[in-house]
Number of protein chains: 2
Amino acid sequence: MGMKKKPATIKEIARRLKISPSTVSRALNDHPSIGLVTTMRVKKMAEELNYEPNQTAIFFKQRRTFTIGVILPSLSEPFFSSAISEIEKVASEHDYTVLMGQSHDDAERELKILQTFKKHRVDGILISLGKNTEDLGFVEMLNDAEIPIVFFDCVPRIDDVNKVYSDLSTGMREAIQSFASIGHKNIALINGPENLLASQERAAAYRKALNSENLEYNERYEVHTDLTEQGNIEAIDKLLALSERPSAIVSFNDFVTLDVIKYVRQKGLVQKKDVFFISYANYPLWKYMENPPMGSIEQYPDQQARKAAEILFKHIGADDDEQQPETVVFESKLVLK
Amino acid sequence: MGMKKKPATIKEIARRLKISPSTVSRALNDHPSIGLVTTMRVKKMAEELNYEPNQTAIFFKQRRTFTIGVILPSLSEPFFSSAISEIEKVASEHDYTVLMGQSHDDAERELKILQTFKKHRVDGILISLGKNTEDLGFVEMLNDAEIPIVFFDCVPRIDDVNKVYSDLSTGMREAIQSFASIGHKNIALINGPENLLASQERAAAYRKALNSENLEYNERYEVHTDLTEQGNIEAIDKLLALSERPSAIVSFNDFVTLDVIKYVRQKGLVQKKDVFFISYANYPLWKYMENPPMGSIEQYPDQQARKAAEILFKHIGADDDEQQPETVVFESKLVLK
DNA sequence: TTGTACGCGTTATCAC
DNA sequence: GTGATAACGCGTACAA
């Protein structure tokens, strides 16, 4: 207790065995040129002294840390927590460790974490951008430092980077088709904040899907929420107030739908009768609900995350950095409940 | 593009300025003995060359990595994801970075991660043990390496370690009281696997609480589930089959309750009339449910995690390791819905 | 005020 | 087969 056992070093082993440190190093690494007896002696002594290589020294010398950095807006959201879980799995399969940070959608914080990671000399970075990130200057910074980076989920619009994300339009298309096929004509969208890329994509997908079904786009059917409970309720209220009330609603995500469902229930409307819901999925537990919405559009965060991590490791492995940037798009899919 | 800008070093700056590296080092660290002009010149050059200290070298030299390691059974479970989220916050407040690993309740994997963290020379470790961890030999290993460790949530029974966990009995007591106060006499417990410490604690708390309320303990009211959906249903089925069916049930956790509620609903039983539920909380969304259970016993993972992290940093900060091990117990609390 | 010299632990290179 | 040496980048006693 309290006794300070200084960790044994190669030098110490060498000293005790009266041989040179380099021999010890080679013996420990099973270098072929070292005699069997010496190798054994060294290993035995290493064992005795409880020798453990000092990784920080090795990192320093080898210029590799066997560490990747992962930046996500949040770790407590189900979408990201399953992503990080999968990323950690892939990393551990590659004998890598994960350094992680949360941006909390704050661009400044995001940048700070990136710099920290760079200082820590991570071998690669995975990032899902925060909602407000505008300045992508760090990409060049990391390029210069030769740290490969893969964007995932919330990716930048620029081209020459690795990115993995899901195409929101396929799921939207299925949702609208699904609604149309059971006779809905008045299909609304409760979208998120207008400045969000995620919202813009949903809006575009919505209009396109309506068009494909030969349904008319009605701008009053497209409302926005700031994603607070209050905002969600205001949004649905706008729709309910319309003279020709929509009978089917796609919403920004499952959390919005949860609030909305609760609210319309209070208003006496019956789900899947008076009004039908589909939303982008970020929450997995509909199966327990007495009266779940019609469906959710899945984005498979774990698959996305795995793919992103695999791409990253492909780039980390390659000595040459002249690889083409890679873009992988997953289709979002409607899953009926 | 593709141009390999080697990161500038102190030496490089020194060479260009025709001064010695040590002067540069001191100037960059605002050492008082360096002249203002020199300092300025150095900083300017550093700026120009885009100098960035090589942290791996500094880690190596200073024997500190400004990194803590966090090991959790899983990152995708809500309980742990809010914990890790909070830990990351605390770490970043201390300008620390978080290295993380998932044990997936596999003791071998857990140990491997611990060793990796040790190799990485993390400055401290936070861990919530996996369900099957028996061998605590690593505690001594980390003590020898002088790496402070704080256990959290799932903690070992040994004494001389730092630990933060919640006392399951307080919430159980409130739950049973709550049930008793509205007239329930037949209160059952759907517990988890018997070998789990978490189950044993619930069982003990359950019996003690019954006793406090002068209710008789009936062993047939204590059933077990392996926490699969199938197991959960079998457990409730056993209770429903009893001649004197329990009217109130405490269950291992919210997920069990979700399955059970769904099942009894199918059986035609009405919640909060035919049968009442309370469970240990690991899931936050009851508020959206049409017909939620009576309540949940909260364990506040974020508060626990924060406290654990703070204790860790207290120990990291202290040069001396002769600090007393600290134990903090949070009360679990019944929250009625 | 600045420079010299050394050490942190490891490994690659060259020499014997 | 093994040893000496240098080098990775930085910080810091000690000397000047």
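Below, chain A is the first sequence line, B the second, and so on; all start at residue 1. As a basis for the values below, the full set of heavy atoms in this structure was taken, side chains included, without hydrogen atoms, waters or symmetry mates.
- Using a 4.0 Å heavy-atom cutoff across all strands shown, B/Thr56 reaches no nucleic acid atom at all.
- For the pair A/Glu12 CD and C/dT10 P, the computed distance is 11 Å after rounding to whole Å.
- No contact: A/Phe59 has no heavy atom under 4.0 Å from any strand.
- Look at NZ on A/Lys61: it is 9 Å from P on C/dT13, rounded to the nearest Å.
- Contact annotation: the side chain of A/Glu48 approaches that of A/Met45 to within less than 4.5 Å [non-hydrogen atoms, C-beta and beyond].
- When each of C/dT10, D/dT2, C/dT2 is scored by its nearest atom to the side-chain atoms of B/Thr38, the top-ranked nucleotide is C/dT2.
- Listed here is the closest heavy atom pair of A/Ile316 and A/Tyr96: CG2-OH, 3.4 Å.
- By the 5.5 Å and 30° criteria, B/Phe60 is not stacked with the base of D/dC10.
- Atoms CZ (A/Arg63) and P (C/dA12) sit 13 Å apart, rounded to a whole Å.
- Panel note: side chain B/Asp302, backbone B/Ser82; no donor-acceptor pair is recorded below 3.5 Å.
- In summary, the aromatic rings of A/Phe151 and A/Tyr165 are positioned with their centroids too far apart to meet the 6.0 Å limit.
- As rounded to whole Å, 13 Å separates atom C1' of D/dG9 from atom CG of B/Asn29.
- A salt bridge does not link B/Glu326 with B/Lys163: none of the charged nitrogens is closer than 4.0 Å to a carboxylate oxygen.
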A/Ser20 vs A/Thr23, side-chain hydrogen bond (donor to acceptor under 3.5 Å, both in side chains): CA-CA, chis, key distance, verdict
CA-CA 5 Å; A/Ser20 92; A/Thr23 305; 3.2 Å; yes

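- Atom CD of A/Gln62 is separated from atom P of C/dA12 by 7 Å (rounded to the nearest Å).
- In this structure, A/Met40 places its CE atom 17 Å from P of D/dG1, rounding to the nearest Å.
- If you measure from atom CD1 of B/Ile13 to atom C1' of D/dG9, you get 12 Å, rounded to the nearest angstrom.
- Atom NZ in A/Lys11 sits roughly 14 Å away from atom P in D/dA4 (whole-Å rounding).
- A heavy-atom distance below 4.0 Å to DNA chain D is reached by these residues of residues 16-27 of chain B, ordered by number: B/Ser22, B/Ser25, B/Arg26.
- The residues B/Lys44 and B/Glu47 are annotated as not salt-bridged, no charged nitrogen and carboxylate oxygen being separated by less than 4.0 angstrom.
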